[in-house]
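Okay, structure first, notes after.
This structure is a prediction, so every number in the text was calculated from the model and none was measured.
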Amino acid sequence: QQPVQSPQAVILREGEDAVINCSSSKALYSVHWYRQKHGEAPVFLMILLKGGEQKGHDKISASFNEKKQQSSLYLTASQLSYSGTYFCGTEGRDNYGQNFVFGPGTRLSVLP
Amino acid sequence: EAQVTQNPRYLITVTGKKLTVTCSQNMNHEYMSWYRQDPGLGLRQIYYSMNVEVTDKGDVPEGYKVSRKEKRNFPLILESPSPNQTSLYFCASRKRYEQYFGPGTRLTVT
């Protein structure tokens, strides 16, 4: 039941845009996005809730299609500091707050 | 400073020797969990706890135990470690929407 992320890896030049996708086979209550830099702990970016509510990072946007159980993270005008591995995490409608499942991650490299 | 701490940060041990990884948070969060991170697999939840004395299995609980006697502490116990438990372990505590992760514990079982 691990969500699927695509692409697995992406390389960008500074200033370019990227989209990272996350999809689940089960009905979702929420989708969370985290970024992990090499050698560090994951850091919360944002959460998207059923019904359209979003909370999180000012400079990163995301969408959540409840019917398709899909979410996309939009990184615009990327900066060197955006490099890292991005994980989506999901909670099902029937187990909010309980079992939390992360995707395998998308490695993003931003080059100067 | 609000934080989640883990100890030890690095540990090399031998098969079968019981060990405990401690986790503590100072944010008064009710929800805490343990994850292991392996290349290509992302973070997989081992156990979680929704409050004191309330724990439940995540996706990969085999070979692990936890306890939650106080709100701030959530230790991870490996009673008989095996080489397939070599991994990077993260403890996290959660407010309503956001999980705060500890710095990680890199465990090697030989």
Are [Y] and [X] co-members of a hydrophobic cluster defined by side-chain heavy atoms under 4.5 Å apart?
X	Y	value
A:Val31	A:Ile60	yes
A:Tyr86	A:Met46	yes
B:Val109	B:Val21	yes

Could you tell me which of A:Gly89, A:Pro42, A:Gly39 has the largest number of non-hydrogen atom pairs under 4.5 Å with chain B? A:Pro42
Count the heavy atoms belonging to other residues, nucleotides or ligands that lie under 6.0 Å from [atom1] of [X], then report whether that count exceeds 12.
X	atom1	value
B:Lys71	NZ	yes
A:Leu80	CG	yes
A:Leu111	CG	yes
A:Arg107	CZ	no
B:Lys17	NZ	no

Heavy-atom closest contact (B:Gly102 atom, A:Ala41 atom, distance): O-CB, 3.1 Å
At what distance, to the nearest 0.5 angstrom, does [atom1] of [X] lie from [atom2] of [Y]?
X	Y	atom1	atom2	result
B:Phe101	A:Gln36	CZ	CD	8.5 Å
A:Thr85	B:Gln37	OG1	CD	8.0 Å
A:His32	B:Arg94	NE2	CZ	4.5 Å

What part of B:Tyr100 is in contact with chain A, defined as an atom under 4.5 angstrom from a non-hydrogen atom: side chain, backbone, both or neither? neither
Can any side-chain N or O of [X] pair as donor or acceptor with the backbone N or O of [Y] at less than 3.5 Å?
X	Y	answer
B:Gln45	A:Phe100	yes
A:Tyr34	B:Gln99	yes
A:Gln2	B:Leu41	yes

Tell me, for A:Gln8 versus chain B, whether the close heavy atoms (under 4.5 Å) come from the side chain, the backbone, both or neither. neither
Ring centre gap for A:Phe44 and B:Tyr97 strictly below 6.0 Å: no
